[in-house]
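Treat the numbers as computed from the prediction; the structure is a model and nothing was measured. This chain uses plain numbering: 1 for the first residue, then up along the sequence. As a basis for the values below, the full set of heavy atoms in this structure was taken, side chains included, without hydrogen atoms, waters or symmetry mates. Just so you know, ligand 1 is whichever comes first in the structure, and atom 1 is the first atom listed for that ligand.
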Amino acid sequence: MIYRTLGKTELDVSILGFGASPLGHEFGTIDEAEGTRAVHLAIDMGINYFDVSPYYGRTLAEERLGTALKGKRQQILLATKTGRYDTDRFDFSAEGVVTSLEESLKRLKTDYLDVFQAHDIEFGNKAQIIGETVPALLRLKEQGKVRFVGVTGYPLGLLKEVAESTGIDMLLSYCRYNLMDTALAQVLMPALRRRGIGLVNASPLHMRVLTVKGAPEWHPAPEAVLEAGSRAADWCTRRGADISQLALQFALNYPPAATTLVGMSKVPHVERNVQAVGTRPDPELLRGVQEIIKPVANTCWVMGRPEHSDPGAVPARA
Ligand code: NAD
């Protein structure tokens, strides 16, 4: 495993991080025992950053991760979130942040968090996120209940604004630096670098678009993006290659991201994904896939409040 420091925090995180949303059935039903084995194998293979949220499986993912981490909590860095509880249930209030932490700690069977984040801030009111939610997170940090704090979300412009106007330690961006979209590098990264904010890059497989199986039903990307992903996957398969491996190699070879979070709940996925660490994409394969993706590259969609969308965002499909 390779480790990088997350911004100005002293956290040395594995460059491949464990995204626990699949433990809450976000990508389909999974076998709980297999999910637990995946968590244990990931730890054995040196993965030390685990990301979850009360939203994933409406608390199921936190419960399961907490159970799987029994006796192993000290070996890993644990990040969860606050503010999002269902597809349309949000609470970014200061009281909500405090209550949410207590509930998450119980489910995760621990008494502290390494990272606590406001989840999907594009669904909230920007003034509240900056003036109330982040200050509440920072108070919890001062009280020693959480070690570091941050925000997560999709629109890069909003993330940049919040990064520039608050004292967050880290930021999680998803689907904005991978084979399908690299806008993060130009739009967000310079601001994070200037302020020493650590970057967690999530969804290197573009939430399963860059897999042989293809996107889940609920995927928000427009049809053309899903079709390009499917063509690229077939093209790789015909060459005896795996699109997911290539996609992961591409994302892992972006040093500004301290860690890249892949959603995992299966032992073979953990094994495969760890194999990508320290390797580079085959240049010919990469060129071919980028050619297929080119017509839809950097397509972004409307997510959350329309006023928070990035310029050129298209309506979400689902
Ligand atoms: P992803 O791009 O990591 O894709 C995950 C899907 O790919 C799952 O269905 C998984 O089973 C499958 N997969 C994993 N490895 C594979 C392999 N080697 N071959 C084929 N399929 C494979 O998307 P994601 O799970 O949404 O993102 C990763 C994590 O980042 C999440 O679990 C979550 O922890 C975090 N995240 C956070 C936010 C947020 O805070 N707003 C948003 C998105 C993701």
Has ligand 1 got any nitrogen or oxygen that is less than 3.5 angstrom from a nitrogen or oxygen of Ala202?
-> no
Does Pro220 reach the side chain of Arg317, with side-chain heavy atoms less than 4.5 Å apart?
-> no
What protein heavy atom sits nearest atom 33 (C) of ligand 1, and how far off is it?
-> Asp51 OD2, 3.4 Å
Side chains of Phe123 and Met303: closer than 4.5 Å at any heavy-atom pair?
-> yes
Within 45° cone of Tyr112 ring axis and under 6.0 Å: Arg73 NZ or CZ = yes
Residue from Thr80, Leu23, Leu105, Thr67 passing side chain to side chain contact (heavy atoms under 4.5 Å, CB included) with Glu62 | Thr80
From His206, His269, His119 - option closest to atom 11 (O) of ligand 1 by heavy atom = His269
Ranked by distance from atom 25 (O) of ligand 1, the top protein heavy atom is Gly263 CA, 3.3 Å
Under 3.5 Å: donor-acceptor pair, side chain of His308, backbone of Pro155 = no
Run the ring-centre check on Tyr154 versus Tyr174 and record whether the distance is less than 6.0 Å.
-> yes
What residue and heavy atom of the protein are closest to atom 27 (O) of ligand 1, and at what distance?
-> Ser203 OG, 3.0 Å
Atom 36 (N) of ligand 1: which of Tyr174, Tyr154, Tyr49, Tyr56 has the nearest heavy atom?
-> Tyr56
Nearest-option assignment for atom 40 (O) of ligand 1, heavy atoms, candidates Val209, Thr152, Val151 | Thr152
Just jot down the ligand 1 atoms closer than 4.0 angstrom to any heavy atom of Thr211, in number order.
-> 20 (C), 21 (N)
Ligand 1 atoms nearer than 4.0 angstrom to some heavy atom of Ser21 are 25 (O), 31 (C), 32 (O)
In terms of atom number and element, which parts of ligand 1 are under 4.0 angstrom from non-hydrogen atoms of Ala20?
-> 32 (O), 34 (O)
For ligand 1, which atoms sit closer than 4.0 Å to a heavy atom of Pro22?
-> 32 (O)
Ligand 1 atoms nearer than 4.0 angstrom to some heavy atom of Leu172 are 37 (C), 38 (C), 39 (C), 40 (O)
Which of the numbered atoms in ligand 1 are below 4.0 angstrom from a heavy atom of Asp120?
-> 39 (C), 41 (N)
Contact between Lys81 and ligand 1, counting heavy atoms under 4.0 Å?
-> yes
Could you list the atoms of ligand 1 found under 4.0 angstrom from a heavy atom of Gly19?
-> 29 (C), 31 (C), 32 (O), 34 (O)
Between CG of Leu261 and OG1 of Thr152, what distance do you get to the nearest 0.5 Å?
-> 10.5 Å
Would you please indicate yes or no on a ring centroid separation below 6.0 angstrom for Tyr177 and Phe250?
-> yes
Do the two ring centres, one from Trp301 and one from His206, sit under 6.0 Å apart?
-> yes
Short N/O distance, under 3.5 Å, between Met207 and ligand 1?
-> yes
So, for Phe18 and Phe50, is the gap between ring centers shorter than 6.0 Å?
-> yes
Do me a favour and list the nearest non-hydrogen protein atom to atom 18 (N) of ligand 1 with residue, atom name and distance?
-> Asn273 OD1, 2.8 Å
Would you check the N or O atoms of Gly153, main chain and side chain alike, for any that come under 3.5 Å of an N or O of ligand 1?
-> no
Could you check if a side-chain atom of Gln117 sits within less than 4.5 angstrom of a side-chain atom of Ile168, using non-hydrogen atoms only?
-> no
Specify the protein heavy atom at minimum distance from atom 4 (O) of ligand 1: its residue, its atom name, and the distance to 0.1 Å.
-> Arg208 N, 3.7 Å
OG-CD distance between Ser21 and Glu26, expressed to the nearest 0.5 angstrom | 6.0 Å
